[in-house]
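Structure first, commentary second.
Order of the sequence lines fixes the chain letters, A, B, ..., with proteins taken first and strands second; residue numbering starts at 1 for each chain.
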Amino acid sequence: MIRHLLDGVPRRGIALLLVLLAILLAAPYLVGGYVLSVLFLILYFAYVGQAWNIMMGFAGQLSLGHSLYVGLGAYAAAALYVHFGISPWIGLGASIIISGFAGAVIGFLAFRFGVSGVYFAILTIAFAEFARIGFDHFAWVSGSSGLFLPVENYTENDFWNLRGSPAMFYYLMLAMTVAAFLLCHLLLKSRVGYYWLAIRESPEAAQALGINIFKYKMYAVVLSAAMTSLAGVVFAFYYNNLFPEQIFHISRSIELILGPIIGGVGTLVGPLVGAFLLTALAEGLRELMLQIGVEVPGVKQVFYGFCLLWVVMFLPDGVWPPLARLLGLHKTERED
Amino acid sequence: MSNSNHSSRRGISRRTFATGVAAAGIIAGSAPFNIVRAQAKSLKVGVLLPRSGVQAGIGQDCHRGVEITAGVLKELGLPSLEIMNGDTETNVDVARSRAERLIADGAQLLVGAFDSGQSTAIAQVAEQRGIPYVINIAAAPPITEQGYKFVFRNFPTAPMILTDAFANQLEIFKIAGTAPKTAVFMHVNDTFGTAMQKGFTGVMSKFTMPYKVVETISYDPAARDLSVEVAKAKATGADSLIMVSRLNDAILLTRELVKQRWSPTAVLSMGPGWYEDQYLKTLGKLSDGPMSFVPWYDPNKKVSKLLEKALAKAHPGINLNTNHVYTFEALLVAADAFKRAGTADPQKLADAIRATNITDNVSTGPGIQFNAKGQNDKLKNSAIQNRGGKLVAIAPASASNAKPELPMKPYDKR
Amino acid sequence: MGLPIEIYLNVAASGLLTGLVYGLMALGLSVIFGVVRVVNFAHGEMMTVGMYVAILAFATLGIDPLVMMVPIAAVLFVFGYLLQTGLINPFINRPEHSQFMLLVAVALILVNLQLIVFGPDSQGVRTSYSFDSYAIGPLIIDASKVYAALAAVAVAAALFAFFRFTLLGKAIRACADNYHGALVVGLNVKHLYALTFGLGTACVGAAGAMLVAITDVTPTIGPAYTLLAFVIVITGGLGSMPGALLGGVLIGVTEALGGLLFTPSAKSMFAFGILVLVLLFRPQGILGRKLS
Amino acid sequence: MTAFLQIDNLSKSFSGLKAVQDVSFTVPKGEIVGLIGPNGAGKTTCFNLIAGVYKPDQGTVTLGGRSIGGWRPDQICLAGVGRTFQIVKPFAGLSVLENVIVGALKASPSVTEARGKAKSVLERLGLWHKRNQQASELTLPERKRLEVARALATEPQILLLDEVMAGLRPTEMDTMVSVFRELNASSGLTILMIEHVMRAVMSLSKKVVVLNYGQVIAAGTPDEVTRDPAVLECYLGEEAL
């Protein structure tokens, strides 16, 4: 198993990953609450970015409505906890089923009718918006007045009910990110991974090679949706309040796909690098504004926009592929 | 009141951060916790407001309240506050990490954040770090029902706003000698709007109101066009309109009322929008008449006059409103507690806030006190009316400076 | 419900008129996609630029927004032309997510520049006819909406004429039909693409000027209009010009009647509902050409 | 000699234009059959009907006794039909090896085994030294060979080749011809090939079917066909062999 995992990965890459992991594991003991909260955000976006990347980066289906799955996952687990006191570890089952089902419905409808490309992207937005307005009127989860989770304590970590300190959430998010990374790594080396890439590159050719493209696209959507829903569960229990206006909003969908696009669509490390760069960039720009004494709201976002523009213009494949070459980590010869 | 160089102690680490995008930069960016909490002459207060993003308008308006605070506190003989600003960008992620950042930079007390979702996120940080947090505006009841020890709210909850609104309406109808018979209740379908809608029927049943609500209409906060809503309301034949709205929709609704040629005898608003400067400015003489039943200030109080003066100086032409008043009062609570505690120690500061008893304040009612949950339950709301581009307080009698005008002048006769 | 029939007529008329203005806005998006094959994710943000210019002109010079429509369209034409040549052209053959990213960045910059320059408060204009309405029997029709809708129809007609009858318009259509063919016969495709993008942004600028007469603007309103434009063009048929207008009217009337029959707060659900149905049963849109 | 692939009365029209009209022919098991005709004769449409890209308006396609008309392309591939595309469709972002692995996975239980198969196919087609290059970096003749390699990796019983010789240099073409001849001889692979390069068709095929305007105008051995006046008139006249 381990040999299989490491197969084909350059040694330097493994070493770098281990160092990074060690730093991330030690972080709560080294840094204060602020940096920890930023690191949490980075991991959060790295995780959802990875989940989105399965659908877009691997299988080539552009989803611009991933906030749908975050929101469904968050609401499912939170509602079960608030109404019945059901632990999120059980509730996440419901999250996975509901989000996976939503993904399956969207995928089924779209792929059956040959909706793809821009049309598919806009269909995903439409479903997310549909959910946003629907949840605004969904009284069982308090509609637009928001669903609040009871906050009990911060001193003791109740892992079973996900009540506790930021460090607990940080480690949970770290574990999820690592798991998602390893899962994607394994997937890419498996039959389904090869098939996804083939579908992404040329659906016609893939089909001519015996690949049931409908089936494999469905796998990608359902898996991506289910994984994304878990991020929603963490979101709900971390922030302890949910508003449809916020969680299903299209700006959330955009936010969570910027990371993998900037980092490198279809690469394993891309979502990680992208989430790190974007969060650090946002925080760095805020600090820069403070340092130079600019206190006009909106200036930071303008600079942020220009940075995005620059990256997308000059690094069309994202930051990671050229960075990997720079670090000597690009794909090595796999065969003898 | 500048935040650009409030902390030279942290200057180096901040610069490291600004330059570093690398992991090392992030990790070195902040020392573990705030080890030194010196007995400073002034209190460091982190103010978190949504000054960009969707709520930028309100956030920036609240910020005007921050700007005029320093002078007023000085006149009241209270210690000065060192303000550190944080923009939440109308985003709960940013609200949380900004709160952490301000605490890491030495904030000893937090104030903010207008929105219920962002306030909840900040409240959790404050509670975890043991830093007192005074909410300026946020009406969702659950925030003070969580058993927090460090979170205080000097703003009424939705049921409180409703109770006072009905009481004030009865008072006004009595003075005016007339009252509407039927009403349509229209509310925006957002956090505040639904909180109000939920309490509406229950609270109303405790009063004997002269009017009957014939229809309830909820509409989308992002609505671009409200002609359907007004057409629907008009079709009920009701003679008055009860509103819970925001600014943009209040303007849109008024335009539609005029265009669809429907002049209710009264517009009774229980939320923002109808009294705001932009409403008055955009609609001119068509803005006259609506009454707002809102958390307001008592124009007869001494500090109110100071605040009005300070605002007129800093921002001529802008009327003092809820956003300024409650943001100011949150800072007033901070300065008062700091004076009594004599220390910035968060625990002692929180104890001092819990023992707050400010009678020399701005908002309507007996003053500022907090109950065991950290809620000021003594707050009273006012009724105000738009008159010629200005706002007058018309109820309760003890906090008013004008008589109500009812019925409202029809739109086509102006 | 027992509502009198004239309420339905009133609401439908109002939906129809606003729908035409929305249709013009969406027409810009459709023209751009139909030729350049780039989805303008900053469409609503570009419209707010037009809205702010109209407000500025009205506040400082007192020019009526419907008059300002022409200069605003010209300004946005230049903006669109430059944007296409300078920024978007290298992205034409890049994958969709890359184009999406580029325009999201443009949108982010536009929104926040507007926030900095114009402030966060909503702004509008009050023309002499701002609050007028026509009473036709039991119908009460908003005067501003009538003028805006008429202007929208006029602009759309001019655009149709341009594409149908002028040489340049025909060249652009040739370009859209067969990119390589156009190259082979020696058309300056880059210039034609930029022209098209300019025309698209000019449309949306004109629509913005009209919309100012109907509603107010805040810097953050852009994304909602971008989304609306998507819904309209996909419903009507992406790339089809009559489709955009038809989609606008359809969405406008559906939202209005849906709001009347059910709860108004859920009225945009009806628009999305129609979009989903169209995508599922006629992915190319009502008037769209079959997907290749 | 049994008919392995049997086409009966196949018709297909696109918005009124009759692309393929009442076409019937058979491909016997283990043989190499050429499908020729001038441009626009309906050859590729015919291929797409067999491979399942289009559904026939009329007629049947029978493979080894089973009717496969109206099946999806992937089902037809699983039934034993491998194909190449006239306009090559490589998985541009993947390496040459990965391209072929995708094909080899059809008949392999594991990726490791698929890799092994891909290796032997690549070696056979002389692309092994290019295995780590991205498919997008290949020259056109190389891409054509990659198409063949990918299709071969699915271990088909019948291979549909759509102009794979186009653009090859004579020596490259000879290699290709010998590869097909050897495959046909060693494993009994049946081949149906569309080809413009007559030298390749004539040297490989035992049987040639000629299409013009969507209809079969002649069928027989290369010799017979080349002597057919109808064929000469419509087609061979311009291709001075």
Practice problem: Mind checking the NZ-CG spacing from A:Lys300 to C:Asn112? Nearest 0.5 Å is all I need. | Solution: 8.5 Å
Quiz item: With side chains defined as the heavy atoms from C-beta onward, is the minimum distance between C:Lys267 and A:Ile133 less than 4.5 Å?
Solution: no
Quiz prompt | Spacing of C:Phe272 atom CZ and A:Arg132 atom CZ [to the nearest 0.5 Å] | solution = 7.0 Å
Practice problem: For residues C:Pro283 and A:Phe113, report the shortest heavy-atom separation together with the two atoms involved. | Solution: CG-O, 3.8 Å
Self-check item: A:Phe306 portion near chain C, given a 4.5 angstrom heavy-atom threshold
Solution: both
Quiz item: At a heavy-atom separation under 4.5 Å, does C:Val276 approach chain A through its side chain, its backbone, both, or neither?
Solution: both
Self-check item: Over all atoms of both residues, closest heavy-atom pair of A:Leu309 and C:Ala105
Solution: CD1-CB, 3.6 Å
Quiz item: Rounded to the nearest 0.5 Å, how far apart are CZ of A:Phe120 and CD of C:Glu96?
Solution: 11.5 Å
Quiz item: What part of A:Val265 lies closer than 4.5 angstrom to a heavy atom of chain C: side chain, backbone, both or neither?
Solution: side chain
Practice problem: Just give me the residue among C:Val104, C:Leu108, C:Ile109 that pairs up with chain A most often, heavy atom to heavy atom, under 4.5 Å. | Solution: C:Ile109
Quiz item: By number, which residues in residues 233-256 of chain C have some heavy atom less than 4.5 Å away from chain A?
Solution: C:Ile234, C:Leu238
Quiz item: About how many Å separate CD1 of A:Ile257 and CE of C:Met101, when rounded to the nearest 0.5 Å?
Solution: 8.0 Å
Quiz item: Where does C:Leu275 contact chain A at under 4.5 Å (heavy atoms): side chain, backbone, both or neither?
Solution: side chain
Quiz item: Which atoms form the tightest heavy-atom contact between A:Met313 and C:Phe91, and what is the distance?
Solution: CA-CZ, 3.8 Å
Quiz prompt | Straight-line distance of C:Phe230 CZ to A:Ile250 CD1, nearest 0.5 Å | solution = 7.5 Å
Self-check item: Nearest non-hydrogen partners of A:Gly134 and C:Met269, listed with the distance
Solution: CA-CE, 3.9 Å
Quiz prompt | Residues in residues 40-50 of chain C near chain A [non-hydrogen atoms, under 4.5 Å] | solution = C:Phe41
Quiz prompt | Toward chain C, the part of A:Val299 with a non-hydrogen atom under 4.5 Å | solution = both
Exercise. Measure across A:Val312 and C:Ser98 and return the closest heavy-atom pair with its distance rounded to 0.1 Å.
Key: CG2-O, 3.7 Å
Quiz item: Heavy atoms, side chains only, cut-off 4.5 Å: are C:Arg94 and A:Pro316 in contact?
Solution: yes
Self-check item: Positions in residues 32-39 of chain C that reach chain A, provided some heavy atom is under 4.5 Å away
Solution: C:Phe33, C:Val39
Quiz prompt | Segment of A:Val296 engaging chain C (4.5 angstrom heavy-atom cut-off) | solution = side chain
Quiz item: With only heavy atoms counted, which part of C:Thr263 is less than 4.5 Å from chain A, the side chain, the backbone, both or neither?
Solution: side chain
Practice problem: Determine the option with the most heavy-atom pairs under 4.5 angstrom with chain A, choosing from C:Leu103, C:Leu115, C:Leu279. | Solution: C:Leu279
Practice problem: Would you mind checking which part of A:Leu62 comes under 4.5 Å of any heavy atom in chain C, side chain (CB onward), backbone (N, CA, C, O), both or neither? | Solution: side chain
Quiz prompt | Residue part contacting chain C, namely of A:Ile125, when any heavy atom lies under 4.5 Å | solution = side chain
Quiz item: Got a sec, which residues hit salt bridge (charged side-chain N to carboxylate O under 4.0 Å, His left out) with A:Arg286, two or more places apart in sequence or on another chain?
Solution: A:Glu283, B:Glu89
